[in-house]
**Q** 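Pasting a structure below so you can have a look.
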Amino acid sequence: MPEEFPPLKNDLLLRAARGEQTERAPVWVMRQAGRYLPEFRAIRAHHEFFEICRTPELATEITVQPIRRYSGLIDAAIIFSDILVIPQAMGMEVLMNPGPSFPDPLNTPADIAKLRTTVDVNKELGYVFAALTRTRHELAGEVPLIGFSGAPWTLFAYMIEGGGSKTLQKAKSWLFKYPEESKSLILRIADVCVDYLVGQVKAGAQLLQVFDSWANELSPHDFATFSLPSLKLIATNVRARIAAEHLPDVPLTLFAKGANARSSITAAAGLGYNVLGLDWCISPEEVREVVGDSVALQGNLDPNVLYGGRDAIEREVQRMCRAFRAQAAPKGWIANLGHGITPGVDPDDLKWFFQCVHKYSSSTHAW
Ligand SMILES: Cc1c2[nH]c(c1CCC(=O)O)Cc1[nH]c(c(CCC(=O)O)c1C)Cc1[nH]c(c(CCC(=O)O)c1C)Cc1[nH]c(c(C)c1CCC(=O)O)C2
């Protein structure tokens, strides 16, 4: 029997994700549960990062912190976790000190043998499912809950680099030296992502976002060769499994950061995702020209605008609303930053960002 959850009181996000017109744009921000919040830092001071991810009570508490603080202004919660729980589930050790680090990364294709041959997501990632279910109850229907996964290319790159990297030299060496092994490992990661995302829907996620944070590092040709097939496999198989298992038909968002070539956007819009997330390096008008109304869009304020003070935030939100054609009739647009909020932002400046989005994306605002 699927869990019963409290009825949803605010479905702006889900309606916009399906391309519908809304009375104002729904808004949330990537990394909204994080270090810019003193209430997050207070918990983090006493707990390791992955300990929080693995403890549903703590993950739920942190997920709802921004919902509590910005109640009435914020339109979605995103489950507190990390994209790197998938490499962990596949058998790799990942530490967070302070950025991610893998003590034993994949150096050559021979190291693939170190990964688990099959991954039981219920066993390895059941703690994320428990956190989602708990959070759905805790939210009491105030806003929808987003589940997420890393994209296979981005996860592959972390598993080979062993952490952050400026050049992705090691991961790219694999692509060019071992293209077939790379493609097959990327698809193997995609299969785990599918099980993981379906499990999240079962546990209560109401929208799923796939983060391809390192898509910007690939040429349009390599994005098409190495990343797109796995992104398509995820959308196709998640939808098929959701239908077969009679689960809710949740919207899917793809955030392929910096995959801004015309050919990449055209291809991304045809993969089966409902929403494309945009970073700030492309103009929304240009993307609309390419994709028409075939997908909803999410984004795309430069996160550093939040350091510009209130006038700048207001001015740039106005510009963003115009660019997404959100004056008078926002349609198929979810307001967000173009990447995660950074630790130095003043939480009151984020509040002002939310207020400006409410004002300038409202169908009743006179321009
Ligand atoms: C690439 C990536 C990672 N993790 C994630 C991505 C994709 C999004 C993106 O591109 O930013 C996704 C992620 N990570 C986290 C969330 C939680 C939900 C949210 O509020 O958005 C989400 C959705 C928590 C986190 N993940 C991390 C933190 C900070 C760690 C801490 O508390 O010490 C949080 C709140 C750590 C993390 N995790 C990762 C990095 C590179 C780092 C270190 C850099 C940084 O600190 O921003 C990997």
Side-chain angles (χ1 to χ4, degrees), residues 27-55 58-70 74 76-88 92 94-102 128 131-132 135 143 145-159 161-166 168 171 193 196-197 200 205 207-217 253-259 277-281 298-300 302-303 334 336-345 347 350:
V27 60
W28 66 284
V29 302
M30 292 184 273
R31 295 285 181 95
Q32 64 190 22
R35 284 163 300 175
Y36 75 101
L37 287 179
E39 55 270 37
F40 172 82
R41 296 195 299 269
I43 294 182
R44 183 74 175 83
H46 302 286
H47 301 278
E48 286 298 323
F49 180 79
F50 286 113
E51 177 201 339
I52 297 175
C53 297
R54 292 194 182 107
T55 311
L58 293 175
T60 291
E61 169 58 23
I62 289 177
T63 301
V64 301
Q65 282 178 343
I67 310 307
R68 242 183 243 137
R69 180 184 273 261
Y70 302 113
I74 192 169
I78 179 164
I79 192 66
F80 186 81
S81 183
D82 200 83
I83 63 166
L84 300 175
V85 299
I86 286 193
Q88 289 175 332
M92 298 186 80
V94 187
L95 309 169
M96 196 63 79
N97 55 7
S101 93
F102 292 61
V128 181
L132 282 157
T135 305
V143 293
L145 178 58
I146 301 172
F148 70 92
S149 161
W153 149 249
T154 293
L155 295 173
F156 165 93
Y158 270 107
M159 288 159 71
E161 292 292 336
S165 161
K166 281 220 176 348
L168 295 196
C193 294
Y196 181 46
L197 290 166
Q200 292 187 55
L207 180 151
L208 298 171
Q209 176 156 331
V210 176
F211 287 91
D212 205 356
S213 302
W214 279 352
N216 62 318
E217 294 295 334
T253 298
L254 170 62
F255 176 56
K257 183 173 183 296
L278 308 182
D279 72 7
W280 61 94
C281 299
Q298 174 172 275
N300 77 337
D302 182 339
I334 299 161
N336 204 311
L337 304 176
H339 201 188
I341 186 169
T342 49
V345 170
L350 181 63

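Atoms within each ligand, like the ligands themselves, are counted from 1 in listed order.
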**Q** Check this for me, if you would: do Glu161 and Lys166 make a salt bridge, where the nitrogen-to-carboxylate-oxygen distance has to be below 4.0 angstrom?
**A** no
**Q** So for atom CD, which belongs to Glu51, do other residues, nucleotides or ligands contribute more than 12 heavy atoms lying within a distance under 6.0 Å?
**A** yes
**Q** For ligand 1, find each of its N or O atoms that sits under 3.5 Å from a protein N or O atom, and tabulate the pairs with distances to one decimal place.
**A**
| unit_1 | atom_1 | unit_2 | atom_2 | d |
| --- | --- | --- | --- | --- |
| ligand 1 | 4 (N) | Arg31 | NH2 | 3.2 |
| ligand 1 | 4 (N) | Asp82 | OD1 | 3.0 |
| ligand 1 | 4 (N) | Asp82 | OD2 | 3.4 |
| ligand 1 | 10 (O) | Ser213 | OG | 2.5 |
| ligand 1 | 10 (O) | His339 | NE2 | 2.6 |
| ligand 1 | 11 (O) | Arg31 | NH2 | 3.3 |
| ligand 1 | 11 (O) | His339 | NE2 | 3.1 |
| ligand 1 | 14 (N) | Arg31 | NE | 3.2 |
| ligand 1 | 14 (N) | Asp82 | OD1 | 3.2 |
| ligand 1 | 20 (O) | Gln32 | N | 3.2 |
| ligand 1 | 20 (O) | Ala33 | N | 2.9 |
| ligand 1 | 20 (O) | Ala33 | O | 3.4 |
| ligand 1 | 21 (O) | Arg31 | N | 2.7 |
| ligand 1 | 26 (N) | Asp82 | OD1 | 2.9 |
| ligand 1 | 32 (O) | Arg44 | NE | 2.8 |
| ligand 1 | 33 (O) | Arg44 | NE | 3.1 |
| ligand 1 | 33 (O) | Arg44 | NH2 | 2.9 |
| ligand 1 | 38 (N) | Asp82 | OD1 | 2.7 |
| ligand 1 | 46 (O) | Arg35 | NH1 | 3.2 |
| ligand 1 | 46 (O) | Arg35 | NH2 | 2.4 |
| ligand 1 | 47 (O) | Arg31 | NH1 | 2.6 |
| ligand 1 | 47 (O) | Arg35 | NH2 | 3.1 |

**Q** Taking the inter-plane angle between the rings of Phe255 and Phe211 on a 0 to 90° scale, is it parallel (under 30°), tilted (30 to 60°) or perpendicular (over 60°)?
**A** perpendicular
**Q** Identify, with sequence neighbours excluded, every residue that meets ring pair (Phe, Tyr, Trp, His ring centres under 6.0 Å) alongside Phe40.
**A** Phe80
**Q** Show which side-chain atoms of residues 81-88 pair as donor or acceptor with protein atoms under 3.5 Å away, not counting sequence neighbours.
**A**
| unit_1 | atom_1 | unit_2 | atom_2 | d |
| --- | --- | --- | --- | --- |
| Asp82 | OD2 | Leu84 | N | 3.0 |
| Gln88 | OE1 | Arg54 | NH2 | 3.4 |
| Gln88 | NE2 | Val94 | O | 3.3 |

**Q** What pairs with Arg35 under salt bridge (Lys or Arg N to Asp or Glu O under 4.0 Å), at least two apart in sequence or on another chain?
**A** none
